[in-house]
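Some notes on the structure that comes next.
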Amino acid sequence: MSFDSLLRGWLRPFAVCGLTLALVGGFAPAPLLAAAPVYEKTPAGAKAERFVDDLLGKMTLEEKLGQMSQIPLNQKEDVTPDERILKGQVGSFLFVTDAKEIDRLQHLAVERGPHHIPLIFGFDVIHGFRTIYPVPLALAASWDPSVAENAESMAAREASAVGVRWTFAPMVDIARDPRWGRIMEGAGEDPYLGSQMAAAEVRGFQGPEIGSADHILACVKHFAGYGAAAGGRDYDSSDISDNELWNVYLPPFEAAVNAGAGSVMSAYMDLNGVPATGNTFLLRDVLRDKWKFDGFVVSDWDSVFNLTTHGFASGPEDAAVRAVNAGVDMEMTSHVMRDNLADAVKKGLVKESTIDAAVRQILLMKYRLGLFAHPYVDLARVSAVEESAEERDGAKAAAEKTAVLLRDEGGLLPLKSVKSIAVIGPLADSKADTMGSWSLAGDKDATVTVLDGIRRRFGATAAITSTKGVEIERGQPSIFDSQFWSPDPVLKTAAAREAEFNHAIDLVKQADVSVLVLGEAQNMSGERASRLSLKLPGEQERLLEAAVATGKPVVLVLLNARPLNITWASEHVPAILEAWYPGTEGGDAIAALLAGDANPGGKLPVTWPRSVGQVPIYYAHYLTQIPHDRDTMYWDGSSAPLYPFGYGLSYTTFALSNLRVSAPDVKSGGALTVSVDVKNTGAAAGDEVIQLYTHQRAGSASRPVRELKGFRRVSFQPGEEKTVTLTLDTKELGFWSAATHRWAIEPGKFDLWVGTDSNAKEHAEFTVLP
Ligand code: BGC
């Protein structure tokens, strides 16, 4: 399906919200990562400023508003995109991915548009462009920021080759509710891991600086609080306390801004009653004034117009006025700013200087990206870059590094000298589901499914059989994956479905080992893909239980991007590999992992609940008055997670010993080093992720029972022992206190744990001195 038809079906429901700006200001947390220098203060920046100011001086108000307008491909309007370009009524397009069309439009803008201003083409390059990498939640499961950085850097190369110079990524929304489908697009539940991944993705997309060759502009989204959607319902409003906002939801945004992200997207929903796209507190007080953000802000899709839908703005003009005054510089898809702001300026509702400031940021970013100097697409280069061997190798390596081994009883994995393998399940040979959501420009045909991978890796020595066993009802096609839509199920009668089920179980009985590839269809995870239940959809659980009941060994490979209810499997299926949506090379990577050519070393970036009733559940909770009863807080089941945050097994084992902290106390502002000896005690080479958690024992406010403050993924040969050292900067211990309404590192006693998941056992303590 084309993007055109995709766009025609695009309708967005919104929640209605209140009017007040409920957030009280406060001091932003100290940056987790060092801030980038303000661009205008550099010599190149001063030159760019002169260029842009000169250009601005020549532009009419209408032309300025054109720069602030972003149009989707073929939006049905009376005026064609070409005419808009010639009249100077558009500054950016989204969803154009064809190199020739981008080049044609750019020639039009630069050669015949007013002032020869180049367009900037944006697209959701979320985890790959043509070559698809594992989804962002999976990248976070690598616990290795360089994996995310490399993936986004390669994605940027493919996208920039066709002229897409701007991605709407990374999504850095913290998500603690797996019902929310967009949990797949972020780094999970934790602000520290999320901040590291956010900064890495920005570096990956943008390169060493904005305008680096083969790189593109990042857009940090969705500012802010989208991940706290009530009930996990996508687009629903978020109500976040100051404590959580400053300490949990904002840090990854700040880290991305400090990493130099050149654009930020305002979110759809109300934050504490004020839509994010009209939220002066977020867009001006926090982003500009406190964080000194020097890029531009784009609204999310139609979200400027939708300030009216929210019951916030009284009409289109009011929406445009309130968005621009709040700090939106570019309007995505709706055009109430373009249509209303000239009058609004005349009426004195908006100052022309506000418009100038917005356009200035946009033009500066186009300049910094090199669009004025090199606007066109090098058409000869497109095919050389796309899906090169390097990209595909990178995608395979990433998929290997992101998989998490959840169970391996009796050493079933890696598979040893098997003569026959049954590869079963609705996702076993599904290319679209291997890619995952947000892979709209991805090369579906090139995708290697798990079945393909197993055939290639084991086919010479083992007989491979395969069937679906059951089909998944995919529900309504979502616009985000409609290019993949196929009307499942194809087996229409109950008898045909039962025959297929029995056929699958027969194959399981006949094989030495079976690999069941189960999970969620890709359109069940992503935007507007919230779920009520975390169970394996459809008849997959029945299939799994029947396969295990044969008594033959079963390996469960999960393709999904949210924790699922696999409580039964966690007790009965000997081996479980969480492979996420692994991307173009997913099948080869999974086969390599099953064979032991690669060893799983990923760790969960989210706490894994036993059932949806435990949601939200996260490790960094607060202590209650009955800490010892933490796991028995429900009458009808355990309140302990199935797997803790940071958990993941390996084909080898590791022993940690001799934890030491460089000093018993440290002055506020200083740093400690924390070391531990780590030994690979097994027979396989493998990676372990050493994780550091702290707890502040007392202070102006209670602090979470544990918080991640450092980690490192390290490779070990069999028998190898290394000392792993982590730096604990006391800045990481600072927090925004709801008691004092300020950010501070509070002196006092702290606990420290080092281990291989959030239940880390090696313990020490230290004191922070004033
Ligand atoms: C999403 C954004 C995305 C935009 C453009 C919106 O619906 O919320 O994350 O970047 O569409 O595709």
Side-chain angles (χ1 to χ4, degrees), residues 3-4 6-15 69-75 92-97 120-129 135-137 152 155 159 164-173 175 180-187 198 201 205 216-229 233-238 252-253 256 261-271 275-277 296-306 309-310 328 330-334 436-442 478-483 523 525-530 561:
F3 287 129
D4 180 24
L6 184 150
L7 290 169
R8 274 202 303 266
W10 201 303
L11 290 169
R12 282 142 196 272
F14 289 95
S69 178
Q70 184 183 50
I71 303 181
L73 172 74
N74 294 348
Q75 190 172 50
S92 172
F93 283 92
L94 76 160
F95 278 180
V96 194
T97 55
I120 177 167
F121 292 86
F123 188 68
D124 292 281
V125 184
I126 306 294
H127 52 112
F129 185 63
V135 294
L137 188 67
E152 302 303 23
V164 168
R165 303 293 297 279
W166 181 21
T167 178
F168 307 122
M171 185 191 103
V172 305
D173 296 305
W180 190 55
R182 290 196 93 167
I183 193 172
M184 61 75 63
E185 205 180 331
E201 288 190 67
F205 285 125
I216 61 181
L217 188 68
C219 182
V220 185
K221 68 189 189 184
H222 306 82
F223 196 56
Y226 184 33
R233 294 177 293 270
D234 204 7
Y235 310 140
D236 214 337
S237 45
S238 298
F253 285 95
S263 69
V264 166
M265 185 184 293
S266 64
Y268 278 137
M269 73 313 135
D270 287 338
L271 174 64
T277 295
F296 70 92
V297 174
V298 64
S299 69
D300 204 342
W301 189 286
D302 275 358
S303 67
V304 177
F305 170 78
N306 279 324
T309 318
H310 278 254
V328 172
M330 184 184 281
E331 179 180 15
M332 183 188 283
T333 64
S334 61
S437 186
W438 284 123
S439 40
L440 287 167
S478 147
I479 43 162
F480 304 100
D481 49 31
S482 45
Q483 64 159 325
N523 68 329
S525 190
E527 185 166 350
R528 218 194 293 172
S530 298

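None of the values given here were measured: they were computed from a predicted structure. We count ligands from 1, going down the list as the structure has it; atoms in each ligand are counted the same way.
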Handout entry: Proximal ligand 1 atoms for R182, defined as those under 4.0 Å from one of its heavy atoms
Key = 1 (C), 2 (C), 8 (O), 9 (O)

Handout entry: CE-NE2 distance between M171 and H127, expressed to the nearest 0.5 angstrom
Key = 12.0 Å

Exercise for the section: Report yes if some N/O of K221 lies less than 3.5 Å from some N/O of ligand 1; otherwise report no. Expected result: yes

Exercise for the section: Identify which of R528, Q70, E527 has a heavy atom lying nearest to atom 1 (C) of ligand 1. Expected result: E527

Problem - Atom of A218, atom of S263 and distance for their closest heavy-atom approach - result: O-OG, 2.7 Å

Practice task
Could you label the plane-to-plane angle of the F95 and W301 rings as parallel, tilted or perpendicular, counting under 30° as parallel and over 60° as perpendicular?
Solution key: tilted

Handout entry: Under 3.5 Å: N/O of D300 near N/O of ligand 1
Key = yes

Completion exercise
If we number the atoms of ligand 1 from 1 as shown, the ones under 4.0 Å from a heavy atom of F168 are 10 (O)

Problem - Student check: side-chain heavy atoms of R165 and L217 closer than 4.5 Å - result: no

Practice task
Measure the distances from the heavy atoms of M171 to every atom of ligand 1 and state whether one is below 4.0 angstrom.
Solution key: no

Practice task
Write down the atom of S303, the atom of T277, and the distance for their closest heavy-atom approach.
Solution key: OG-OG1, 3.0 Å

Handout entry: Proximal atoms of ligand 1 relative to H222 (non-hydrogen, under 4.0 Å)
Key = 2 (C), 8 (O), 9 (O)

Problem - Where S238 and A229 come nearest, the two heavy atoms and their spacing - result: OG-N, 3.6 Å

Problem - Mutual orientation of the aromatic rings belonging to F123 and F129 [parallel < 30°, tilted 30-60°, perpendicular > 60°] - result: perpendicular

Exercise for the section: Report yes or no: does a heavy atom of F95 sit under 4.0 Å from some atom of ligand 1? Expected result: yes

Handout entry: Geometric N/O contact Y235 with ligand 1, under 3.5 angstrom
Key = no

